[in-house]
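First comes the structure, then the notes that go with it.
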Amino acid sequence: QVQLVESGGGSVPAGGSLKVSCAVSGRTLSYYYMGWFRQAPGKEREFVAAIRWSGGTTYYADSVKGRFTISRDNGKNTVSLQMNSLEPEDTAVYYCAAGTTVGFTNVFSFGAYDYWGQGTQVTVSS
């Protein structure tokens, strides 16, 4: 089993920055992909970014490329998402996810991930 706990959400004005983090406990993460998804009210959950724990390969949604950066800290077992130049459209609940069967063909699909955190709210005001 893998437990995921997000932290760091909050409210910022447009153009501001936030960092959300995900503390991971449980199994060894060497074979896992870690992802961030978000869900705005009335919308489907959508892929934001992902990282392969071993090797650090990263993936981003087109809407956040150049603004968001995903990273992991092996020593602390955490995955973080640094969000810069935030826009009101980034407002959503952000979820951390982990999966062992994720690969480059399905890294963007929420169905590929086995474990989820409880989510943290990010609100960007115009």
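Below, all heavy atoms of this structure are taken into account, side chains as well, without hydrogens, waters or symmetry copies.
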| message | Would Val24 and Tyr32 count as a side chain to side chain contact (heavy atoms under 4.5 Å, CB included) here? Give the steps. | response | CA-CA 11 Å; Val24 188; Tyr32 279 74; over 6 Å; no
| field | Candidate pair Asp114 and Thr100, rule side chain to side chain contact (heavy atoms under 4.5 Å, CB included), full reasoning | value | CA-CA 8 Å; Asp114 307 302; Thr100 57; 3.6 Å; yes
Taking only residues two or more places apart in sequence or in another chain, which ones pass side-chain hydrogen bond (donor to acceptor under 3.5 Å, both in side chains) with [X]?
X      : value
Thr120 : none
Glu89  : none
Thr91  : none
Thr69  : none

| message | Side chains of Ser71 and Gln82, heavy atoms from C-beta outward: is any pair under 4.5 Å? | response |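 They are not in side-chain contact.
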| Pairwise side-chain contact, Leu86 with Asn84, heavy-atom cut-off 4.5 Å (strictly under) |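 SC-SC contact between Leu86 and Asn84 ruled out.
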Please name the pair of heavy atoms, one in [X] and one in [Y], separated by the smallest distance, quoted to 0.1 Å.
X      : Y     : result
Ala92  : Ala40 : CB-N, 3.8 Å
Gln39  : Lys43 : NE2-O, 3.1 Å
Ser126 : Ala14 : CA-CB, 4.4 Å

| request: Taking ring pair (Phe, Tyr, Trp, His ring centres under 6.0 Å) as the test, write out the residues that go with Tyr95, two or more places apart. | output: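 Ring pair (Phe, Tyr, Trp, His ring centres under 6.0 Å) list for Tyr95, sorted by chain: empty.
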What about [X] and [Y], same hydrophobic cluster or not, with Ile/Leu/Val/Met/Phe/Trp/Tyr joined at side-chain heavy-atom distances under 4.5 Å?
X      : Y      : result
Tyr115 : Phe108 : no
Val124 : Val93  : no
Val79  : Val122 : yes

| Selection residues 71-81 - residue pairs positive for salt bridge (charged side-chain N to carboxylate O under 4.0 Å, His left out), sequence neighbours left out |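 Qualifying pairs: none.
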| message | Regarding Ser80 and Ser21, do their side chains bring together a donor and an acceptor under 3.5 Å, going by distance alone? | response |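 On atom types as modelled, these side chains qualify, holding a pair under 3.5 Å.
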Rounded at 0.5 Å granularity, tell me how far [atom1] in [X] sits from [atom2] in [Y].
X     : Y     : atom1 : atom2 : result
Leu81 : Leu18 : CG    : CG    : 10.0 Å
Met34 : Asn77 : CE    : CG    : 9.0 Å
Asp90 : Tyr94 : CG    : OH    : 4.5 Å

| request: Apply side chain to side chain contact (heavy atoms under 4.5 Å, CB included) to Arg38 and Glu46, showing your working. | output: CA-CA 5 Å; Arg38 66 187 182 187; Glu46 65 173 1; 2.6 Å; yes
Check: residues 50-63 side-chain donor-acceptor pairs under 3.5 Å, at least two apart:
from	atom 1	to	atom 2	distance (Å)
Trp53	NE1	Asn74	OD1	2.9
Tyr60	OH	Ile70	N	2.9
Asp62	OD1	Lys65	NZ	3.3

| message | Show me the pairs that pass disulfide (SG to SG under 2.5 Å) and involve residues 17-112, at least two apart or across chains. | response |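 As it turns out, the disulfide (SG to SG under 2.5 Å) pairs with a partner in residues 17-112, which skip direct neighbours, are Cys22-Cys96.
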Mind checking side chain to side chain contact (heavy atoms under 4.5 Å, CB included) for [X] and listing every partner two or more places apart, or none if nothing turns up?
X     : answer
Gln3  : Gln1, Ser25
Ser11 : Thr123
Val5  : Gln118
Glu44 : none

| query | Are Phe68 and Trp36 near enough that their ring centres are under 6.0 Å apart? | reply |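 No; Trp36 has its ring centre 6.0 Å or more from that of Phe68.
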